[in-house]
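Naming convention: chains lettered A, B, ... in sequence-line order (proteins, then strands); numbering from 1 in each chain. Values reported hereafter were calculated over all heavy atoms of this structure, with side chains retained and with hydrogens, waters and symmetry mates removed.
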2 protein chains.
Amino acid sequence: MIDERQRRAIERLQQFGLRSTPQRRAIWNVFAQLGQGHLTAEEVLDRAQAELPELSRATVYKTLGEFVRVGLLRTVAGHGPLRFDPNLDASHHHFICERCQQIVDVHLTGIEQLRLQQPGLRVHRIRILVEGRCAACAAEPDA
Amino acid sequence: MIDERQRRAIERLQQFGLRSTPQRRAIWNVFAQLGQGHLTAEEVLDRAQAELPELSRATVYKTLGEFVRVGLLRTVAGHGPLRFDPNLDASHHHFICERCQQIVDVHLTGIEQLRLQQPGLRVHRIRILVEGRCAACAAEPDA
DNA sequence: CTCCGTGCAAAGATTTTGCAGGAAC
DNA sequence: GTTCCTGCAAAATCTTTGCACGGAG
């Protein structure tokens, strides 16, 4: 069970050309058991230390940077610290609730019809951030 | 000429319900003479100090926050520090060159056709960040 | 006159870096 | 054995805050 999890972590890291270390496995396992989510470096540190208490903050930052570089994670910039997203589905985007600040993955149709009105720009990726109120907060009265 | 500029700054601040102070006028004037652009707080400080050398960093941060709150500026989050955009055109979005990091305003058609596939979310705004290579950097060999 | 904005300095939050020892392959 | 990773501590970067004074309305 646990061994199975570690085996999968090792495999995943190697798929992306990374050496397998206890630190990297612990960090990867945080995301593997998370499913959908968007964690800050600090949150990753907290959770990964459950598996590996001596893990350091510097290693978390360096490792998250590596994971992004090789394509194992993507970043989500909003307010506050950078967040990391294990969902690699190229067609997903993000919704952020302006009241509770929660971020959720969303899918949008119609993206293929988007056309840039400026010539000369080579497009590699489109990031869409939808802002509004989540279901729970939409029911609330205030600002 | 200069008086005319200050008169316009005062008018603009009052339109948005803000008291007119030398600091706020100097900061507004930075954006007024900028046209299109996306400045960091530090860049705003540097430029505004040309008009008002004793302007402090804390005031710049507080004032930019106020300007955003009342709708005189919008923010652009990317890599690095937050940037501030005086372009209030609701239909404009941003292109960032992944090589030189320059941000330019862009227009996109087809945004009205975008549809969220999740129910229960109340949408207030959509921010689109297009990533790629600008014309100059597209000609370069690569990273 | 009252309230709000400003400046200073300090603190807080987030992220990066240099380097020595140790682990991965 | 070679290369790369890790941890520590320090620093760099970016932003916020508390408070006393002074200016705006």
Which word best sums up how the rings of A/Trp28 and A/Phe67 line up, parallel for under 30°, tilted for 30 to 60°, or perpendicular for over 60°?
-> perpendicular
Could you list by number each residue of residues 16-25 of chain B showing a heavy-atom separation from DNA chain C of less than 4.0 Å, or answer none if no residue does?
-> B/Arg19, B/Thr21, B/Gln23, B/Arg24
Out of curiosity, does B/Val76 fall in the hydrophobic cluster containing B/Leu82 (side-chain heavy atoms, cut-off under 4.5 Å, transitive links)?
-> no
With clusters built from Ile, Leu, Val, Met, Phe, Trp and Tyr whose side-chain heavy atoms come within less than 4.5 Å, directly or transitively, what are the remaining members of the cluster of A/Val104, listed by chain and number?
-> A/Phe95, A/Val106, A/Leu108, A/Ile111, A/Leu114, A/Leu116, A/Leu121, A/Val123, A/Ile126, A/Ile128, A/Val130, B/Phe95, B/Val104, B/Val106, B/Leu108, B/Ile111, B/Leu114, B/Leu116, B/Leu121, B/Val123, B/Ile126, B/Ile128, B/Val130
Value for CG (B/Leu72) from CG (B/Leu13), rounded to nearest 0.5 Å, stands at 6.5 Å
Using only heavy-atom distances, determine whether the side chains of A/Thr75 and A/Arg83 contain a donor-acceptor pair under 3.5 Å.
-> no
dist A/His92:NE2 -> A/Asp105:CG (nearest 0.5 Å) comes out at 4.0 Å
For A/Gln6 and A/Glu51, test the side chains for any donor-to-acceptor distance below 3.5 angstrom and give the result as yes or no.
-> yes
Compute whether any side-chain donor of one residue and acceptor of the other, for A/Glu98 and B/His124, lie under 3.5 angstrom apart.
-> yes
When you measure from every atom of DNA chain D, which of residues 59-88 of chain A have a heavy atom less than 4.0 Å away?
-> A/Thr59, A/Lys62, A/Thr63
Between A/His38 and A/Asn87, do the side chains contain an N or O donor and an N or O acceptor separated by less than 3.5 Å?
-> no
Same cluster for B/Ile10 and B/Leu55 if Ile/Leu/Val/Met/Phe/Trp/Tyr side chains link at under 4.5 Å?
-> no
Nearest 0.5 Å, what's the CZ-CD distance between A/Arg115 and A/Gln117?
-> 10.0 Å
Members of residues 38-57 of chain B that approach DNA chain C, where some heavy atom sits under 4.0 Å away | B/Glu54, B/Leu55, B/Ser56
Following the transitive rule for hydrophobic clusters with a side-chain heavy-atom cut-off under 4.5 Å over Ile, Leu, Val, Met, Phe, Trp and Tyr, establish whether B/Phe31 and B/Leu45 coincide in one cluster.
-> yes
Show the numbers, then the answer: is there a salt bridge (Lys or Arg N to Asp or Glu O under 4.0 Å) between B/Glu11 and B/Arg8?
-> CA-CA 5 Å; B/Glu11 188 183 340; B/Arg8 274 201 289 260; over 6 Å; no
Nucleotide interval of DNA chain D bounded by contacts with chain B (heavy-atom cut-off, under 4.0 Å) | D/dC14 to D/dG25
Can you measure from OG (B/Ser56) to NZ (B/Lys62) and round to the nearest 0.5 angstrom?
-> 7.0 Å
Please check if any side-chain donor atom of A/His94 sits under 3.5 Å from a side-chain acceptor atom of A/Asp85, or the reverse.
-> yes
Hey, what bend do you get for the helix from C/dC1-D/dG25 to C/dC25-D/dG1 if you fit axes on five pairs at each end, rounded to 10°?
-> 50°
